[in-house]
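Computed over heavy atoms, backbone and side chain alike; hydrogens, waters and symmetry mates excluded. All of these numbers come straight from a predicted model, not from anything done at the bench.
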Amino acid sequence: MARKTLAVAALIAVTALTATGCTGAAATKEGSATAAKDPDRVSGTITVLTHRTDLVQNGTMKKYAAAFNKTYPRVTVKFEGITDYEGEVKIRMNTENYGDVLMIPNAIAKKDYASFFASLGSASELSEKFRFTGNTTVDGKVYGLATVGNANGFVYNKAVWKKAGITDWPTSPQEFLTDLKAIKTKTGAVPYYTNFKDQWPLTAGTASIGSVSCDAEANDKLATSTAPWAEGSDLNVIDSLLYDVVHDKLAEKDPTTTNWENSKGLIARGEIATMQLGSWAITQMQDAAETAGTNPDDIGFLPFPAQKDGKFCAITSSDYQQAVSLHSEHKPAARAWIDWFTEKSGFARNEGSIPTAKSGALPDTLKPFEDNGVTLLEQSQAKSAEVNAIDNAAEIGLAKPDYRQKLVDMARGVQSGSLEDYFAELDKKWSEAQKTTGS
């Protein structure tokens, strides 16, 4: 997207930012973070932009606001649920009207965070208290706190897998394929669902980088790798598995007809068996099971089918990060909302997700991972700026669905080309982009 050119006033605002992100008339010597801790000093009306339209529509976010007001009665919180969050907010950020609190769009490069968001404090301090701060750290300052964190793997219907005679998690891609074939043969379920049409679920593979190698820094290493899709690499194994699932006709017949909302009911009713998603999806599928009159306990979560030294690893990563708009006129109130939502709201627990606050416990939905010794690794984002620069220059889109949609189309025979040639093409683009970005 075209980057916004800061006006003189905005540049002054950036210069005036304290480590806690307070500017202008709202600023105090203690800064907005300190002010936000004193309810008597925090007031105003703030608008929170969110991608969780479901929680806005069903009144859940209003309930959070009501709970927030018990501590901060002088703050009015309004929510704006946006269906096409990335597309719409990206455009709005060319203006100064993008709410007081917002989820940082993926399209905004880390190097530009200071141009759009108020600093929340120093990385050295906040990283002691919160998970995933590396995602939004620029020059030692943190610009956003994750709403929740997630482990990455596969949501599955345990009853369907059991009906197919499968009781143990697959430990390799080949075992995974064998299990899906058993599901196809012995049950009436579609073994695997790509959610191809809604596109974004295809990016779940990227979130699993590091699961194969059991390396929390695997994503950072893409900055210096000249062949990310080389044989045995995380991306090679992850993308090969998707290709093989589709090529072996273990997914839905026509990927262009998939529907994300419908998929919840399909897996809840046992009509489909498996989907690659983050652990955030477990509670949504369990809710769908209750609606469908089936057993919510049938919904399970399994790690990526690969082991190192006989152990599973699962990468954890953050969901959207909440940030305070640089142009907010009520920064202490906006900061108070983020702090309360992160530490006091219980949102992570309610969503069955990993809490951003390190003091929080893992959700019950991940107890099977604990019981089976799955190692959880927080994906390092230390070199995400360099990786993103290469990715953008290569025009691949690791966090976008396009290249995996082509992978699926090749696997089902509607696009020509071999998997090996496609990986070679991706590696060439990546290597050439490294040279142009200086990485």
Side-chain angles (χ1 to χ4, degrees), residues 1 84 86-87 90 106-107 152 154 173-174 176-177 180 190-212 218-219 222-223 225-260 263 272 274-278 304-306 315 384 387-437:
M1 63 175 281
D84 179 16
E86 286 289 330
K90 178 175 66 175
N106 293 323
N152 293 286
F154 294 81
Q174 188 54 53
F176 186 82
L177 293 170
L180 295 189
V190 174
Y192 187 92
Y193 199 74
T194 65
N195 266 305
F196 179 96
K197 186 178 180 181
D198 282 272
Q199 300 184 338
W200 61 263
L202 291 172
T203 65
T206 297
S208 287
I209 293 174
S211 294
V212 178
N219 192 70
L222 295 177
S225 172
T226 57
W229 283 268
E231 184 71 25
S233 69
D234 280 82
L235 279 169
N236 179 288
V237 174
I238 291 166
D239 290 339
S240 292
L241 181 58
L242 175 61
Y243 179 92
D244 290 339
V245 167
V246 176
H247 182 267
D248 292 353
K249 301 186 182 338
L250 300 171
E252 68 279 348
K253 289 183 179 179
D254 185 359
T256 64
T257 63
T258 62
N259 182 291
W260 162 246
S263 73
I272 60 178
T274 322
M275 293 189 284
Q276 186 174 21
L277 293 164
F304 191 90
I315 291 297
S384 61
V387 173
N388 291 340
I390 297 170
D391 187 38
N392 290 334
E395 297 183 342
I396 292 174
L398 288 176
K400 299 176 183 177
D402 304 67
Y403 96 85
R404 286 199 179 95
Q405 281 198 310
K406 181 177 178 179
L407 189 80
V408 170
D409 282 341
M410 289 170 55
R412 65 192 186 101
V414 298
Q415 280 205 41
S416 61
S418 70
L419 182 63
E420 293 75 14
D421 287 345
Y422 189 43
F423 284 164
E425 176 189 333
L426 293 172
D427 279 337
K428 182 179 180 182
K429 286 182 177 180
W430 191 270
S431 180
E432 291 177 348
Q434 275 184 326
K435 298 172 185 176
T436 62
T437 60

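Residues forming a salt bridge (charged side-chain N to carboxylate O under 4.0 Å, His left out) with Asp427 (at least two apart in sequence, or on another chain): none.
In plain terms, the two heavy atoms of Val190 and Ala251 that are nearest each other are CG1-C, 3.8 Å. Nearest heavy-atom pair, Met275 versus Ile272, reported as atom, atom and distance to 0.1 Å: SD-CD1, 4.0 Å. Nearest heavy atoms, Ser211 versus Asp234: N-OD2, 3.5 Å. The two residues Trp229 and Asp239 make their nearest non-hydrogen contact at NE1-OD2, 2.9 Å. Of all non-hydrogen atoms in Thr226 and Pro228, the two that sit nearest each other are C-CD, 3.7 Å. Taking each heavy atom of Pro255 and Val408 in turn, the nearest pair found is CG-CG1, 4.2 Å.
Once rounded to the nearest 0.5 Å, the distance linking CE of Met410 with NE2 of His247 reads 10.0 Å. For the atom pair NZ of Lys406 and CG of Leu202, the computed distance is 15.0 Å after rounding to the nearest 0.5 Å. With rounding to the nearest 0.5 Å, the separation of NZ in Lys249 from CG in Leu180 is 15.0 Å. The CG atom of Leu250 sits 9.5 Å away from atom CG of Asp244, with the distance rounded to the nearest 0.5 Å. Rounding to the nearest 0.5 Å gives a distance of 9.5 Å between CZ of Phe154 and CG of Leu277.
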Fill in: Test log, rule side chain to side chain contact (heavy atoms under 4.5 Å, CB included), inputs Tyr192 and Val246
CA-CA 9 Å; Tyr192 187 92; Val246 176; 5.9 Å; no
*Passes ring-ring contact (aromatic ring centres under 6.0 Å, His included), Tyr422 versus Tyr243? Steps please.*
CA-CA 11 Å; Tyr422 189 43; Tyr243 179 92; 9.1 Å; no
List the steps, then state whether side chain to side chain contact (heavy atoms under 4.5 Å, CB included) holds for Leu222 with Ile209.
CA-CA 10 Å; Leu222 295 177; Ile209 293 174; 4.1 Å; yes
- Query: Does the pair Asn106 and Glu86 meet the rule for a side chain to side chain contact (heavy atoms under 4.5 Å, CB included), with working shown?
  - Reply: CA-CA 7 Å; Asn106 293 323; Glu86 286 289 330; 3.3 Å; yes
Using the side chain to side chain contact (heavy atoms under 4.5 Å, CB included) rule, take Gln276 and Phe304 through it: C-alpha gap first, then chi angles, then the decisive distance, then the call.
CA-CA 9 Å; Gln276 186 174 21; Phe304 191 90; 4.1 Å; yes
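Using a 4.5 Å cut-off on side-chain heavy atoms (C-beta onward), Arg412 and Asp254 make contact. The shortest side-chain heavy-atom distance between Val212 and Leu235 does not fall under the 4.5 Å cut-off. At least one side-chain heavy atom of Ser240 sits under 4.5 Å from a side-chain heavy atom of Leu419. Residues Thr258 and Ser263 are not in side-chain contact: their nearest non-hydrogen atoms beyond the backbone lie 4.5 Å or more apart.
Judged purely by distance below 3.5 Å, without hydrogens or angles, the side chains of Thr194 and Arg404 never pair a donor atom with an acceptor atom.
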With a cut-off of 3.5 Å and sequence neighbours excluded, list every side-chain donor-acceptor pair involving residues 387-396.
from, atom 1, to, atom 2, distance (Å)
Asn388, ND2, Ser384, O, 3.1
Asp391, OD1, Gly397, N, 3.0
Asp391, OD1, Leu398, N, 3.2
Asp391, OD2, Leu398, N, 2.9
Asn392, ND2, Asn388, O, 3.2

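Gln405 places a side-chain N or O within 3.5 Å of a backbone atom of Phe196 that can act as its donor or acceptor partner. No donor-acceptor distance shorter than 3.5 angstrom exists from the side chain of Asn195 to the backbone of Pro201, with no hydrogens or angles considered. The backbone N or O of Ile315 sits less than 3.5 Å from a side-chain atom of Asn152, completing a donor-acceptor pair. Using modelled atom types, one side-chain atom of Thr274 and one backbone atom of Pro191 make a donor-acceptor pair closer than 3.5 Å.
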